[in-house]
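The chains referred to below are lettered A, B, ... by the order of the sequence lines, with proteins before strands, and numbering in each begins at 1. The basis for the numbers below is simple: all heavy atoms, side chains too, and nothing from hydrogens, waters or symmetry mates. Because the structure is a prediction, the values reported are computed rather than measured.
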2 protein chains.
Amino acid sequence: MLDPRRLLVLRAVIRAGSMSAAATELGYTPSAVSQQVATLEREVRTPLLVRHSRGVVPTEAGSLLVEHADVVAGRLTRAADEVADLTALRAGRLRLAAFASAGARLLPGAIGVFRRRHPGVRLSLELREPEDVPDLVREGELDLAITFDYLTGPGDGSAVASGPSVDTEGLTTTWLLDDVVNVALPPHHPALEDAGVSPTDEIDVSTLRDAAWIRDSGQVCREQLVEMCAAAGFTPHVAFDSDDFPMVSGLIESGVGVALVPDLAVHQMGRRVVLRRLRPRLVRRIRALSPPQPSPATAAMLEVLTSRRPA
Amino acid sequence: MLDPRRLLVLRAVIRAGSMSAAATELGYTPSAVSQQVATLEREVRTPLLVRHSRGVVPTEAGSLLVEHADVVAGRLTRAADEVADLTALRAGRLRLAAFASAGARLLPGAIGVFRRRHPGVRLSLELREPEDVPDLVREGELDLAITFDYLTGPGDGSAVASGPSVDTEGLTTTWLLDDVVNVALPPHHPALEDAGVSPTDEIDVSTLRDAAWIRDSGQVCREQLVEMCAAAGFTPHVAFDSDDFPMVSGLIESGVGVALVPDLAVHQMGRRVVLRRLRPRLVRRIRALSPPQPSPATAAMLEVLTSRRPA
DNA sequence: TCGAGCATGAAGCCCAGCTTAACGCCGTAT
DNA sequence: ATACGGCGTTAAGCTGGGCTTCATGCTCGA
């Protein structure tokens, strides 16, 4: 394999027509250029230039090498340009993942803003459950993932000020939104009688001890339901598992049971479903997961996401 | 424009999956590789690798650069290979030029041999008169030219042993053949009576003082005719100029005049044309003209040409 | 005949880029 | 738990490739 630097010197010489001209063009002395060409000729064991009284003319081997050198030089400049495009967000790729309700309610707006700002960046979005996401980000299969976990307790803005932080797994976590979870019931469910008639009245988890549950089939949600009920001192009766909120809505309206429905999904509930806050309060903490050194595109999308979260 | 050497180091790293592996592959220490990658990252102001616990993984910019690096590396090896093909005569080009009668009689056999020996070399042949040829060879437009000049006198093997020589113009001249010139006359031309009846009888130039000449229109031949006659003490009467020997033959047979016809062209004369040697003897000295540093293909063709000349 | 412009060679210098050595980090095996 | 091996990184120092400078030879045009 040839030394690319010498090849580029040869290219300059032949394009310029003389070693001296190439030297001034390259910022060298003619002697340096002459030496470079000479060693290249030694390497390929063939003369590459015929020395003329005014300047030089390429031999057949010289012309051949120059053609290749042109390609090489073109690639080198193209490579630099394209990397510049990448860092300037004029090009590139951003692979997103989110869970279903975030993909439907949280991301479209952010994606719209991002696309308007950086039309050159190719976006992709796939639906992934929170449990799959960290490994994919760590392995570089994803650039940014929207995930969540459950939080019992206040769920106020305690994490708002904390900003991005690197978790134990070497990933950056950025808080986006606290998604309050409701319980969704059929209109005349017994638990409603204990709670009161106002929509703002909360339903105590313990009053759902005998309810039949329609459960989101995502792993995190399944576990959370069991945990919540355990904290209230009972084991839930699971009547149904589904990952589709419209179907959940239909099942509730048919009186099959009750379900946990976060704010981000309430728009998928039918009109006859009754929604109430839970006591103790239950919150889905929605976060963005990103690599510790995010790409420019990842950082830009994070910026969009955090700037759009409600005050 | 990026530094191609660093780019190739990056390529090795990403292909190997770790800096250490790339280092052993390149014959460097891991430290050297790390430093190269680090400076490349500084140059493009972007991380190119994400450092993992076991090895590294390319970032988007890194993958982009590797694609270009692959092309560059491919070109560098291809370039070396193709130059090797050129010097080994597995490829390349040989641009020949010759005057008409050499092209017809001298070259076809040599070209056949050459093609059989070096089928990868592309050959081209154009017809050129001797006066045009030196500049074209000097400028690199031709690789090898067959030319001639006239020689009065013995024309024996005096130049045979001398071999190739560099003439005053910086071109290499290789003697190929001495082409003896005949005079071609109509069957009952008066000059034949002075000479004798035997085909080996020579015709003295002075006996052609009153002849009408059909002259080859090439510049060298035209001048030579005048010079030869001047040496014999007269100026030739030129009746016709032609560069086509069959036509010359027809004109002679029609009794228009006489002509100079070298051995290489006698096969183009009609049966009724009478051919005799001249006194003083006139010889076309046929030579090959080549650049002072001939390409391998040129040298090979010269070898074929000289090895085929009659002993 | 001279001088301008070209390529080249010898000599020397300097820094890019290598090696060595030491360190921190992670994951695994003992 | 602790040790160990493999990873990448850093600092320091050395070496040689590749540059400059200077001098020479060549060709061409004035």
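- Residues A:Arg284 and A:Gln224 fail the side-chain proximity criterion, which asks for heavy atoms closer than 4.5 Å.
- Atom CE in A:Met19 sits about 16 Å away from atom C1' in D:dC19, given to the nearest Å.
- Considering only heavy atoms from C-beta on, B:Leu176 comes within 4.5 Å of B:Thr306 through its side chain.
- Residue-to-nucleotide proximity on DNA chain D shows that, of A:Arg6 and A:Ser31, the 5′-proximal contact is made by A:Arg6.
- Remark: of the listed residues A:Thr174, A:Thr173, A:Asp149, A:Thr172, A:Asp149 is the sole one forming a side-chain hydrogen bond (donor to acceptor under 3.5 Å, both in side chains) with A:Arg287.
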>> A:Arg51 vs A:Met19, test: side chain to side chain contact (heavy atoms under 4.5 Å, CB included). Steps then yes/no.
In response: CA-CA 10 Å; A:Arg51 278 71 170 173; A:Met19 298 213 184; 3.8 Å; yes
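- Among the atoms of the strands shown, only primed sugar atoms or phosphate atoms (P, OP1, OP2) are found under 4.0 Å from some heavy atom of B:Ser20.
- In this structure, A:Tyr28 atom OH and D:dG17 atom P are separated by 16 Å, rounded to whole Å.
- A straight line from CG of B:Leu40 to C1' of D:dT9 spans 17 Å, rounded to a whole angstrom.
- Toward the 5' end of DNA chain D, the nearer of the two residues A:Ser53 and A:Thr39, judged by each one's closest nucleotide, is A:Thr39.
- Phosphate contact (OP1/OP2 of D:dC28, side-chain N/O of A:Arg54, threshold under 4.0 Å): absent.
- Dashed line: the shortest gap from a side-chain N or O of A:Gln36 to OP1 or OP2 of D:dC19 is under 4.0 Å.
- Between B:Gln35 atom CD and D:dG13 atom P the separation is 15 Å, expressed in whole Å.
- A:Thr39 and A:Arg6 share a side-chain donor-acceptor pair at under 3.5 Å.
- First and last contacts of DNA chain C with chain B, using any nucleotide atom under 4.0 Å from a protein heavy atom and ordered 5' to 3', fall at C:dG17 to C:dT28.
- In this structure, A:Val56 reaches the sugar-phosphate backbone alone: every heavy-atom distance under 4.0 Å involves primed, P, OP1 or OP2 atoms, never a base.
- A 4.5 Å side-chain heavy-atom check between A:Tyr28 and A:Ser34 finds every atom pair outside the cut-off.
- Nucleic acid contact for A:Gly17: none, since no nucleic acid atom lies under 4.0 Å from a heavy atom of the residue.
- Among all heavy-atom pairs drawn from A:Pro291 and A:Asp143, the shortest one is CD-O, 3.3 Å.
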